[in-house]
Amino acid sequence: MPTPIREPPLTDKHRRQRPVLRVTTENDRVDASRSAAYLSRMLQFGDSMFPIGGFSFSSGLESAVQEGVVTKAATLRAFARTAVEQAARGDCIALIAAHRAATAGEVDTLARIDAQVYARKLSDEARTMSVRMGKKFTEMGVEVVGAPLLYRWRECIATSVTPGCYPIALAINFAVQNLPAYQAFVVHQYGVATTILGAALRLMKVSHIETQKILYELTGQLDEMYATAAAARLSDMAGFAPLTEILAAVHTRAHVRLFMN
């Protein structure tokens, strides 16, 4: 019979180097299930196929391209970055505050926050975009999620108690599902970026690779943006980007438009 090959005994050094496998199947399954639910909901409500009409707007990019402000990938990156940063300093502060109010079921507080968001929309296009998307998002939330607070918010919009801006609708939707404000923030900012980058593919000579690179860069900054927005007060809402507002006004009066205003 052949002599069996014996492995040399393990020394203390070898024992330290050998990876230790810890079996925690039960705990991992619970955490993974909750994480999977969180992730799937975030993907569903942040997906471009979710029918709230965001694809119909360009967030001022159409005028920026027509006026020669955005001409290539570099200027597109700067335009998209400005929009994301502006949203983080404005709408997202309201979104986080609204998520807290929705968690507590404070409808009056939600209406006050919503009014402040609407008041800070300087252009007709920005107001129209936020209100249309907010109304559709609320209506879809009623049909898909069906939480009582969503029904109440839809009634507030229908009776003109409140404008019903998109950031507030998003916050309520996530709060009633016990989804964290951080995820609502990510969905909002992802939507701001993809609205502009999706429009860019139809308005200018830019490739899918270039837009994906820009998106990757912008989403890498979300942690820092969230920390700043979460620590801010509602009165801190501000977004100084005058050129963006001017381009939105130009778009309202344009004779030829691919996107809505």
Side-chain angles (χ1 to χ4, degrees), residues 45-67 69-70 79-80 82-95 98 110-142 150 153-173 184 187-203 237-261:
F45 293 105
D47 197 294
S48 59
M49 69 171 282
F50 198 73
I52 58 172
F55 62 88
S56 301
F57 298 90
S58 72
S59 298
L61 181 66
E62 185 167 20
S63 291
V65 172
Q66 291 173 347
E67 298 297 325
V69 176
V70 174
F79 187 90
T82 297
V84 170
E85 291 174 348
Q86 186 180 27
R89 294 191 301 267
D91 284 357
C92 286
I93 294 176
L95 182 149
L110 286 169
R112 287 195 295 270
I113 297 171
D114 191 42
Q116 293 198 40
V117 173
Y118 187 81
R120 284 169 170 79
K121 302 295 182 187
L122 301 185
S123 68
D124 288 339
E125 183 170 3
R127 288 192 293 270
T128 300
M129 178 179 178
S130 189
V131 169
R132 285 189 184 179
M133 290 176 61
K135 180 180 179 181
K136 291 298 295 182
F137 200 94
T138 301
E139 291 172 348
M140 286 298 300
V142 168
L150 286 169
W153 191 245
R154 183 179 66 174
E155 182 65 21
C156 287
I157 295 172
T159 56
S160 300
V161 171
T162 193
C165 296
Y166 171 67
I168 312 307
L170 178 60
I172 296 172
N173 185 294
V187 166
H188 185 278
Q189 296 298 79
Y190 184 84
V192 171
T194 54
T195 294
I196 293 171
L197 296 175
L201 291 170
R202 288 176 277 176
L203 289 169
M237 289 173 57
F240 184 73
L243 182 57
T244 301
E245 303 296 347
I246 292 171
L247 290 170
V250 170
H251 189 253
T252 302
R253 295 177 175 273
H255 294 291
V256 178
R257 291 188 298 265
L258 177 62
F259 292 88
M260 295 176 65
N261 62 28

Counting distance only, does the side-chain N/O of Gln189 pair as donor-acceptor with the main-chain N or O of Ala87 below 3.5 Å? no
Using every non-hydrogen atom in the two residues, find where [X] and [Y] come nearest and quote the distance to one decimal.
X: Ala169; Y: Gly134; result: CB-O, 3.5 Å
X: Phe79; Y: Gly60; result: CZ-C, 3.8 Å
X: Gln116; Y: Met237; result: O-CE, 4.3 Å
X: Val117; Y: Ala94; result: CG2-CB, 3.3 Å
X: Ala193; Y: Val84; result: CB-CG2, 4.1 Å
X: Asp114; Y: Gly164; result: OD2-N, 2.6 Å

How long is the gap from [atom1] on [X] to [atom2] on [Y], to the nearest 0.5 Å?
X: Asp91; Y: Gln86; atom1: CG; atom2: CD; answer: 8.5 Å
X: Ile113; Y: Thr162; atom1: CD1; atom2: OG1; answer: 10.0 Å
X: Ile196; Y: Leu203; atom1: CD1; atom2: CG; answer: 11.5 Å
X: Phe137; Y: Asn173; atom1: CZ; atom2: CG; answer: 4.5 Å

Once salt bridge (charged side-chain N to carboxylate O under 4.0 Å, His left out) is applied, do any residues pair with Arg154, and if so which ones, sequence neighbours excluded? none
Do [X] and [Y] have side chains that approach each other closer than 4.5 Å (heavy atoms only, starting at C-beta)?
X: Ile168; Y: Leu95; result: no
X: Thr138; Y: Ile172; result: no
X: Tyr166; Y: Met129; result: no
X: Glu125; Y: Thr128; result: no
X: Glu139; Y: Ile157; result: no
X: Gln66; Y: Glu62; result: yes

